[in-house]
Amino acid sequence: MKEYKTEEEFLKDYNVKDFDQLSMTSDILLVSVSDQEQSNYRKNDKKMMSILLVKRNTFPYKDKWCLPGGFLNPKTETLEECAKRVLKKETNISNLYLEQLYTFDSLKRDPRTRVISTAYMALVDKKSIKDEINPNASWFDVILIENKNDIVEISLTNGLVDINFSIKKELKDKTTDRYAFKTINNKSLAFDHDIVILAGLERLKNKISYTDIVFNMMPKYFTLGELQQVYEVILNKKLLDPAFRRIIANKVEKTNLTKTGAGHRPSTLFTYKIKK
């Protein structure tokens, strides 16, 4: 191997073809927790978690559903810029809370070539979205059941299409409570997006216990009951009222506003307490 005395000398001889090439993508898990309308107006609206999927119209995985995503332009954009661009292009949604999730690099995750994806998690109150989403995009309600043998069953539905898949969780690191995920059954989602979805939902569940991330999914004003329902949907369990009040005691502040509606008592509205 030739030895170089300066970096300039090395770069003069450098040939990118001497190195293995791969492609990079950004995929986005967009999550919302919103009301599911009840037929009985006297009942409180039930909260449901939902994610946004797009239907592929080209091969590979033609006609299958997947997360919004696309290839990085390595000369003009960062991975986050790529995520924002493809989210707008594929769904017509923009200006959302966005954070990097994980990098997914299994060897055969894309049949075309070696593709490494950096996934992002985006959060929104979907009722606040003003723009109409693209025709090939759709919100899917999420039902997640975790069995005792660490197999997670996830069902997605938009009222017309039902998607079901199951994933095995395997403890990878006891000191950090990290899990590896293995697909058991997935016939409807493209690529490894079943694993991306579960990884993102697990991250969200963990983060609401020590951050204020949940408020990216709330309207400006809300009742404590509505906020508690969002926590319960994400955590996938019922919370006792006193325990919940301790969790959010320093996160919200009371307003002079009230929420009224047919069949309901007026409820005090709260808002997120911005840290100074």
K.L.:
Between Glu232 and Lys47 (salt bridge meaning N to carboxylate O under 4.0 Å), is one present in this structure?
P.N.:
no

K.L.:
Which of parallel (below 30°), tilted (30 to 60°) and perpendicular (above 60°) describes Tyr231 and Phe244?
P.N.:
perpendicular

K.L.:
Is there a path of hydrophobic side-chain contacts, each under 4.5 Å between heavy atoms of I/L/V/M/F/W/Y residues, joining Met49 to Ile145?
P.N.:
no

K.L.:
Do Glu81 and Asn73 pass the side-chain hydrogen bond (donor to acceptor under 3.5 Å, both in side chains) test, and can you show the C-alpha distance, the side-chain angles, and the key distance before you say yes or no?
P.N.:
CA-CA 10 Å; Glu81 289 169 343; Asn73 187 325; over 6 Å; no

K.L.:
Could you state whether Leu204 and Leu198 fall into the same hydrophobic cluster, counting links through intermediate Ile, Leu, Val, Met, Phe, Trp or Tyr residues with side-chain heavy atoms under 4.5 angstrom apart?
P.N.:
yes

K.L.:
Quick one: does Thr271's side chain have a donor or acceptor within less than 3.5 Å of a partner on Lys220's backbone?
P.N.:
yes

K.L.:
Does any N or O in the side chain of Gln229 come within less than 3.5 Å of the main-chain N or O of Glu226, such that one atom is a donor and the other an acceptor?
P.N.:
no

K.L.:
Report yes or no: do Val33 and Leu224 belong to one cluster of Ile/Leu/Val/Met/Phe/Trp/Tyr joined by side chain heavy-atom distances under 4.5 Å?
P.N.:
yes

K.L.:
If you count the non-hydrogen atoms of other residues, nucleotides and ligands that lie under 6.0 Å from CD1 in Ile143, is the total more than 12?
P.N.:
no

K.L.:
State plainly whether the residues Glu77 and Lys84 are in salt-bridge range, i.e. N to O under 4.0 Å.
P.N.:
no

K.L.:
Can you name the closest pair of heavy atoms from Arg109 and Phe104 and give their distance?
P.N.:
CD-O, 3.5 Å

K.L.:
Is there a side-chain contact between Thr113 and Leu22 in this structure, where contact means two heavy atoms from C-beta onward sitting under 4.5 Å apart?
P.N.:
no

K.L.:
Can you name the nearest heavy-atom pair linking Val214 to Leu227, along with the distance?
P.N.:
CG1-CD1, 4.5 Å

K.L.:
Look only at the side chain of Gln228 and the backbone of Leu239, and say whether a donor-acceptor pair between them is shorter than 3.5 Å.
P.N.:
yes

K.L.:
Indicate the atoms forming the closest heavy-atom contact of Ala83 with Leu98, along with that distance.
P.N.:
CB-CD2, 4.2 Å

K.L.:
Just checking, is any N or O donor in the side chain of Ser166 or Asn185 under 3.5 Å from an acceptor N or O on the other one?
P.N.:
no

K.L.:
With a 6.0 Å cut-off on ring centres, are Phe191 and Tyr61 close enough?
P.N.:
yes

K.L.:
When hydrophobic residues are tied together by side-chain contacts of less than 4.5 Å, even through go-betweens, does Ile51 share a cluster with Val86?
P.N.:
no

K.L.:
With no hydrogens and no angle check, do the side chains of Thr175 and Asp173 hold a donor and an acceptor under 3.5 Å apart?
P.N.:
yes

K.L.:
Going through the distances and angles, do Asp212 and Lys273 end up as a salt bridge (Lys or Arg N to Asp or Glu O under 4.0 Å)?
P.N.:
CA-CA 10 Å; Asp212 296 351; Lys273 187 176 182 180; over 6 Å; no

K.L.:
Quick one: do Arg112 and Asp110 make a salt bridge, cutoff under 4.0 Å?
P.N.:
yes

K.L.:
A side-chain contact here means heavy atoms from C-beta on lying under 4.5 Å apart; do Leu189 and Leu53 qualify?
P.N.:
yes

K.L.:
Would you call Val252 and Phe222 a side-chain contact if the rule is heavy atoms closer than 4.5 Å?
P.N.:
yes

K.L.:
For residues Glu9 and Tyr4, is any side-chain donor paired with an opposing acceptor at under 3.5 Å?
P.N.:
no

K.L.:
Could you walk me through whether Thr157 and Asp162 pass the side-chain hydrogen bond (donor to acceptor under 3.5 Å, both in side chains) check?
P.N.:
CA-CA 5 Å; Thr157 183; Asp162 295 321; 2.7 Å; yes

K.L.:
Would you say Thr268's side chain and Thr258's backbone share a donor-acceptor pair under 3.5 angstrom?
P.N.:
no

K.L.:
Using side-chain hydrogen bond (donor to acceptor under 3.5 Å, both in side chains), reason through Ser138 and Asn158 one step at a time and then give a plain yes or no.
P.N.:
CA-CA 7 Å; Ser138 178; Asn158 65 356; 3.1 Å; yes

K.L.:
Find out whether Ile116 and Thr103 are in side-chain contact, i.e. whether some heavy atom of one side chain is under 4.5 Å from a heavy atom of the other.
P.N.:
yes

K.L.:
If only atom types and distance count, is the side chain of Asn206 paired as donor or acceptor with the main-chain N or O of Arg203 below 3.5 Å?
P.N.:
no

K.L.:
Is the shortest heavy-atom distance from the side chain of Ile154 to the side chain of Ile163 under 4.5 Å?
P.N.:
no

K.L.:
Take atom CG of Asn95 as the centre, draw a 6.0 Å sphere, and report whether it contains more than 12 heavy atoms from other residues, nucleotides or ligands.
P.N.:
no

K.L.:
Side-chain donor-acceptor pair under 3.5 Å between Tyr120 and Asp27, yes or no?
P.N.:
no

K.L.:
With a sphere of 6.0 Å drawn around CD of Glu132, does it hold more than 12 non-hydrogen atoms of other residues, nucleotides or ligands?
P.N.:
no

K.L.:
Please check if the side chain of Lys64 supplies one atom and the backbone of Lys187 the other of a donor-acceptor pair under 3.5 Å.
P.N.:
yes

K.L.:
For Tyr179, is the NZ or CZ atom of Lys172 found under 6.0 angstrom from the centre of its six-membered ring and inside 45 degrees of the ring axis?
P.N.:
no

K.L.:
At their closest point, which heavy atom of Ile234 faces which heavy atom of Met217, and how far apart are they?
P.N.:
CD1-SD, 3.9 Å

K.L.:
Side chains of Leu67 and Val54, heavy atoms from C-beta outward: is any pair under 4.5 Å?
P.N.:
no

K.L.:
Grouping I, L, V, M, F, W and Y whenever their side-chain heavy atoms are under 4.5 Å apart, do Ile213 and Phe215 come out in a common cluster?
P.N.:
yes

K.L.:
Give a yes or no on whether the backbone of Lys259 and the side-chain of Ser267 come within a donor-acceptor separation of less than 3.5 Å.
P.N.:
no

K.L.:
Between Lys55 and Asp63, is there a side-chain heavy-atom distance shorter than 4.5 Å?
P.N.:
yes

K.L.:
Between Asp194 and Thr183, do the side chains contain an N or O donor and an N or O acceptor separated by less than 3.5 Å?
P.N.:
yes

K.L.:
What is the minimum heavy-atom distance between Asn134 and Lys89, and which atoms define it?
P.N.:
ND2-O, 3.0 Å

K.L.:
How close do Gly200 and Met121 get, heavy atom to heavy atom, and via which atoms?
P.N.:
O-SD, 3.6 Å

K.L.:
Any donor and acceptor pair, going by atom type alone, linking the side chain of Ser106 with main-chain N or O of Lys108 inside 3.5 Å?
P.N.:
no

K.L.:
Hey, which of Val233, Ile197, Leu156 is the one that makes side-chain contact (heavy atoms from CB on, under 4.5 Å) with Val142?
P.N.:
Leu156

K.L.:
Between Glu90 (side chain only) and Gly69 (backbone N and O only), is there a donor and an acceptor less than 3.5 Å apart?
P.N.:
yes

K.L.:
Looking at Ile274, I want to see if its CD1 is surrounded by more than 12 non-hydrogen atoms of other residues, nucleotides or ligands under 6.0 Å.
P.N.:
no

K.L.:
Does either side chain, that of Asn236 or that of Glu146, offer a donor lying less than 3.5 Å from an acceptor on the other one?
P.N.:
no

